[in-house]
Amino acid sequence: MVDLTGPLHSMRDSLHTLLARVGSNYAQSDRVTRAIFKVNSLLQNMAMGTSADIDNLRMATENIAQLNPQETSVFEILFDEIEKIMADL
Amino acid sequence: MSKLYRLSGPSMALVLAIILSGCATNTIRMERAGTMTEAARTATDATRVLMADVQAENRNALIDLVASDPNCRLPTPLIAQGATAKGETICRKGNRQDNDFQLTRLTRQDFGPSLAVIDGLVAYFDAVDAIITREPTDLAETLIGAQANLDAIASDLGNLTGQEGGALPVLTDDQKGAVADTLSLLGEMIDEAARVDDLRKIEIQMDQAAFADDIDRLDRINQRWLRVMDGQVNNRLTLVTRRLPRVSAEDFEGRHRFAAQQMTLIERQEALPELAIALARTVDMLRATHSDYHGLLFGDKRLLTLDEKRRAAAVTRTRLRRALSHLAAIARVF
């Protein structure tokens, strides 16, 4: 098991960047908000995971930082992926 | 006592100096005990304050959430994950889905295990503190509280030292003062030695490995609650950030209020790493002061720092001066 604290912190930073970008888009900002809540919940419970989880999260984090809030379909796919990984942590 | 074994003035002074210099180490042992209990108070109080702050932050975070989203309910809002139904924003309106999770509401019970560790440490430090702060036994007062007692002592001393005619003549005020002060000095040293013995008993009875574990645990307790604090502050910050774009650009007062709250939370989160360092330092200080205290309690004056050696020497000089200043008067009594 590997400490996921670092990747989760960087992911949280990316989510906050995204939250600022999606602005008043209610649906998207709600989803980002829920993801941040989940990340915080994991961080509070000393998130541990496998190296595969880390790689997936890093990838999702990098992608999310580049995300264009207008590209709804990409947004949905990435969030489905992130939520799936986080559900297993 | 035969005159053959009587100590001369210079010999007595030398013996006094040797005895007093050894006793000064006890003074430093007591000082180190005081330093340790002070460090313990600082460390345990800091952790207690942190936990109280975390609970307050958690309370505010839950209130913020329920105020932000009508679907959220106190005391433990259910956060939706994955697909949501129409009208569901942050919290799930209906039944819980697989990946949904509840936000924790921290109560007194959640802090119980942490408080138990702190209480265990505090019980030890209180025991040490009770010994170093207890009222000293006033030997001088007990022995020379009344004129009759003092005269009886002088009489007995006269008999013991083989003075002609048995009892000594009635003591002068100077001689009474000299005897009183010398007994008081002796009383102080006996009392100090008794305290150090009692402190050693506590250390011997205590499981040192378990104590070291508890101090390490205090470190982990701080880290754990700092993480929770970070999560609570970040959740609140997220809600404000989400809320701010929804406030009309025309509503300056409303936007100003949210922006100010956002800035406060940003600053609070930025301060957490420094708080973590400060808390770690209090525990390091506690660990170091206990190690220094324990070492000297069972070691000798070679373990004194340069500064402590100077203070011990000053204590010895003061006591020696007190003892020697009365030596002539005492010698006349004997």
Side-chain angles (χ1 to χ4, degrees), chain A residues 3-49 53 57 60 64 69-70 72-73 75-89, chain B residues 54 57-58 61-62 64-65 68-69 71-72 77-84 86-92 97-104 106 110 220 223-249 262 265-266 269 272-273:
Chain A
D3 189 356
L4 284 179
T5 308
L8 284 172
H9 267 117
S10 68
M11 186 174 171
R12 190 174 74 179
D13 289 344
S14 295
L15 287 168
H16 272 282
T17 305
L18 185 66
L19 183 61
R21 288 173 64 198
V22 296
S24 58
N25 183 324
Y26 290 8
Q28 290 186 0
S29 70
D30 288 341
R31 198 158 189 192
V32 178
T33 299
R34 293 200 303 264
I36 293 174
F37 273 59
K38 177 69 179 180
V39 170
N40 279 329
S41 176
L42 291 169
L43 280 168
Q44 288 176 101
N45 293 305
M46 290 183 71
M48 303 290 279
D53 293 325
L57 273 176
I64 214 163
Q70 309 307 319
T72 311
S73 58
F75 184 92
E76 295 291 331
I77 292 165
L78 269 176
F79 264 78
D80 284 347
E81 182 63 20
I82 287 167
E83 284 166 356
K84 200 172 87 187
I85 297 166
M86 288 197 295
D88 292 334
L89 292 178
Chain B
V54 169
E57 202 67 45
N58 170 253
L62 289 172
D64 283 356
L65 179 59
S68 302
D69 185 344
N71 294 329
C72 298
L78 181 64
I79 309 297
Q81 294 288 279
T84 51
K86 198 171 186 307
E88 287 178 333
T89 50
I90 302 173
C91 289
R92 182 78 69 193
Q97 306 290 313
D98 279 352
N99 297 331
D100 293 350
F101 65 99
Q102 280 185 306
L103 281 194
T104 308
L106 296 170
D110 295 301
R220 291 198 296 276
Q223 288 164 19
R224 154 102 182 110
W225 291 117
L226 279 166
R227 268 199 310 275
V228 176
M229 174 70 101
D230 173 71
Q232 303 304 316
V233 173
N234 197 270
N235 280 353
R236 295 187 71 195
L237 183 60
T238 305
L239 289 173
V240 175
T241 311
R242 168 184 169 274
R243 185 81 182 159
L244 190 55
R246 303 178 187 194
V247 182
S248 157
Q262 189 179 27
L265 290 164
I266 288 170
Q269 197 163 35
L272 288 177

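We name chains A, B, ... by the order of the sequence lines, and we start the count at 1 in each one.
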| message | Walk me through whether B:N234 and A:H16 qualify under side chain to side chain contact (heavy atoms under 4.5 Å, CB included). | response | CA-CA 10 Å; B:N234 197 270; A:H16 272 282; 2.9 Å; yes
Chain A contact via [X] - which portion, at a heavy-atom distance below 4.5 Å:
{"X": "B:R224", "value": "side chain"}
{"X": "B:D230", "value": "both"}
{"X": "B:L239", "value": "side chain"}
{"X": "B:L65", "value": "side chain"}

| query | Given the options B:L237, B:I79, B:D98, which has more heavy-atom pairs under 4.5 Å with chain A than any of the others? | reply |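 Option with the greatest count: B:I79.
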Determine the minimum heavy-atom distance between [X] and [Y], stating which atoms define it.
{"X": "B:R227", "Y": "A:Q44", "answer": "O-CG, 3.7 Å"}
{"X": "B:P245", "Y": "A:G23", "answer": "CB-C, 3.7 Å"}
{"X": "A:A35", "Y": "B:Q81", "answer": "N-NE2, 4.4 Å"}

| request: Establish, from distance only, whether the side-chain atoms of B:T84 and A:R31 form a donor-acceptor pair under 3.5 Å. | output: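 Not at all, the side chains of B:T84 and A:R31 share no donor-acceptor pair under 3.5 Å.
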| said: Whether the side chain of A:R34 engages the backbone of B:D100 through a donor-acceptor N/O pair (distance < 3.5 Å, no angle test) should be reported. | reply: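 Judged by distance alone, no pair lies under 3.5 Å.
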| field | Check against side chain to side chain contact (heavy atoms under 4.5 Å, CB included), B:L103 and A:F37 | value | CA-CA 9 Å; B:L103 281 194; A:F37 273 59; 3.6 Å; yes
Distance (rounded to the nearest 0.5 Å) between [X] [atom1] and [Y] [atom2]:
{"X": "A:L19", "Y": "B:T241", "atom1": "CG", "atom2": "OG1", "value": "5.5 Å"}
{"X": "A:N45", "Y": "B:F101", "atom1": "CG", "atom2": "CZ", "value": "10.0 Å"}
{"X": "A:N40", "Y": "B:T238", "atom1": "CG", "atom2": "OG1", "value": "6.0 Å"}

| Sidechain N-carboxylate O distance under 4.0 Å for B:R246, A:D30 |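 A salt bridge is present here (some side-chain N lies under 4.0 Å from a carboxylate O).
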| message | Given heavy-atom pairs under 4.5 angstrom as the criterion, report whether the side chain, backbone, both or neither of A:T33 touches chain B. | response |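 For A:T33, heavy atoms of backbone and side chain both lie under 4.5 Å from chain B.
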